[in-house]
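Reading through the structure tokens given below for one structure.
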Amino acid sequence: QVQLVESGGGSVQAGGSLRLSCAASGYTSSIYYMAWFRQTPGKEREGVAFINARSKNTYYADSVKGRFTISQDGTKNTLYLQVNSLKPEDTAMYYCAVRFNPFYGSWASLREADFRYWGQGTQVTVSS
């Protein structure tokens, strides 16, 4: 079975940085897309950063552009999210996700339902 294990979350002050990791295993199909989502209690899970696993093209939510960077290693087994200049509003549970099918819509239309496999989440807390 596909397994995604996340790590790297923590508690930091505003302006700080973290590097989130997501190790993927148990799959045989080619990964098309990998992504990071975040969610706070009572709110919908929102897409933060996306990467085309083959072309390495990326897309970011407006709220994190210029501060977050999504990447993956050469074997595509590990996904990363470098989060810099953190703000209190970035506080959330961060989840990684994987899609094994192509997507023909726009980057902005990718949403939670488009990803079948998810990690357990890693908490990021940013204090003022």
Side-chain angles (χ1 to χ4, degrees):
Q1 62 177 9
V2 177
Q3 184 176 24
L4 304 176
V5 180
E6 295 156 297
S7 61
S11 181
V12 299
Q13 291 188 324
S17 300
L18 290 169
R19 185 175 175 82
L20 311 184
S21 299
C22 176
S25 63
Y27 63 91
T28 57
S29 300
S30 297
I31 295 175
Y32 276 75
Y33 293 91
M34 301 187 79
W36 287 95
F37 285 73
R38 66 185 181 186
Q39 185 173 30
T40 57
K43 297 182 179 180
E44 295 183 355
R45 191 170 298 184
E46 63 174 344
V48 173
F50 305 84
I51 184 168
N52 181 304
R54 295 184 296 180
S55 71
K56 307 303 180 184
N57 288 340
T58 59
Y59 173 80
Y60 300 92
D62 289 341
S63 60
V64 306
K65 286 181 179 178
R67 300 188 298 118
F68 290 12
T69 302
I70 186 172
S71 62
Q72 62 186 116
D73 65 16
T75 64
K76 302 179 181 180
N77 289 328
T78 304
L79 179 70
Y80 302 98
L81 185 69
Q82 178 68 42
V83 294
N84 299 327
S85 302
L86 286 165
K87 305 174 181 179
E89 50 263 45
D90 293 319
T91 296
M93 184 72 75
Y94 283 72
Y95 300 89
C96 63
V98 172
R99 178 180 172 89
F100 291 98
N101 299 99
F103 185 80
Y104 301 106
S106 64
W107 285 102
S109 64
L110 280 167
R111 55 191 182 275
E112 181 178 359
D114 294 311
F115 294 85
R116 182 179 180 85
Y117 302 98
W118 297 83
Q120 80 287 355
T122 185
Q123 179 69 37
V124 172
T125 301
V126 185
S127 60
S128 300

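The first residue of the sequence shown is numbered 1, and numbering continues consecutively from there.
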Exercise. Checking side-chain contact (heavy atoms from CB on, under 4.5 Å) for the pair Ser17/Gln82: CA distance, chi angles, key distance, verdict?
Worked result: CA-CA 7 Å; Ser17 300; Gln82 178 68 42; 4.0 Å; yes
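- Smallest separation of non-hydrogen atoms from Met34 and Ile70: O-CD1, 4.0 Å.
- When hydrophobic clusters are built by joining Ile, Leu, Val, Met, Phe, Trp and Tyr residues whose side-chain heavy atoms come closer than 4.5 Å, directly or via intermediates, Tyr32 is not grouped with Val98.
- Between the side chain of Trp36 and the backbone N or O of Tyr80 there is at least one donor-acceptor pair closer than 3.5 Å.
- Between Arg38 and Asp90, the shortest heavy-atom contact is NH1-OD1, 2.9 Å.
- Separating the CZ atom in Arg19 from the CG atom in Leu81 is a distance of 9.0 Å, to the nearest 0.5 Å.
- In this structure a side-chain-to-backbone donor-acceptor pair under 3.5 Å is present from Glu6 to Cys96.
- Judged by distance alone, with hydrogens and angles left aside, the side-chain atoms of Arg99 form no donor-acceptor pair with the main-chain N or O of Ala97 at under 3.5 Å.
- A ring-ring contact (aromatic ring centres under 6.0 Å, His included) with Phe37 is found for one member of Tyr94, Phe115, Tyr95 and no other, namely Phe115.
- The backbone N or O of Ser106 sits nowhere less than 3.5 Å from a side-chain atom of Tyr59 that would complete a donor-acceptor pair.
- Counting heavy atoms from C-beta outward, Val124 and Val83 have side chains that stay 4.5 Å or more apart.
- Judged purely by atom type and a 3.5 angstrom limit, Thr91 uses its side chain to pair as donor or acceptor with the backbone of Val126.
- Taking hydrophobic clusters as Ile, Leu, Val, Met, Phe, Trp and Tyr residues chained together by side-chain heavy-atom distances below 4.5 Å, Leu18 does not share a cluster with Met93.
- Counting all heavy atoms, side chain and backbone alike, Ile31 lies closest to Arg54 at O-CG, 4.4 Å.
- Residues Trp107 and Phe103 share a hydrophobic cluster, clusters being chains of Ile/Leu/Val/Met/Phe/Trp/Tyr side chains in contact below 4.5 Å.
- Under a hydrophobic-cluster definition in which Ile, Leu, Val, Met, Phe, Trp and Tyr are linked whenever side-chain heavy atoms come within less than 4.5 Å, directly or via other members, Phe50 and Val2 are assigned to different clusters.
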Problem set entry | Steps toward side-chain contact (heavy atoms from CB on, under 4.5 Å) verdict (Gln72, Lys56) | CA-CA 8 Å; Gln72 62 186 116; Lys56 307 303 180 184; 3.2 Å; yes
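- A salt bridge between Lys65 and Asp62 is present, with a side-chain N of the basic residue lying under 4.0 Å from a carboxylate O of the acidic one.
- Considering every non-hydrogen atom in both Ala14 and Ser128, the closest pair reads CB-CA, 4.4 Å.
- The shortest distance between side-chain heavy atoms of Tyr27 and Leu4 does not fall below 4.5 Å.
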For this session: Test Ile51 against Leu79 for side-chain contact (heavy atoms from CB on, under 4.5 Å), laying out the working first.
Result: CA-CA 9 Å; Ile51 184 168; Leu79 179 70; 4.0 Å; yes
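- Annotation for Gln123 and Ala92: closest pair NE2-O, 3.4 Å, computed over non-hydrogen atoms.
- Under 3.5 Å, the side chains of Asn57 and Tyr33 contain no donor-acceptor pair of N or O atoms.
- Here the closest non-hydrogen pair linking Ser85 and Arg67 is O-NH1, 3.0 Å.
- Judged by distance alone, with hydrogens and angles left aside, the side-chain atoms of Gln3 form no donor-acceptor pair with the main-chain N or O of Gly26 at under 3.5 Å.
- The shortest side-chain heavy-atom distance between Val48 and Tyr60 does not fall under the 4.5 Å cut-off.
- Annotation: Phe100 is in aromatic contact with Tyr117 [ring centroid separation under 6.0 Å].
- The closest side-chain heavy-atom distance from Arg45 to Arg111 is not below 4.5 Å.
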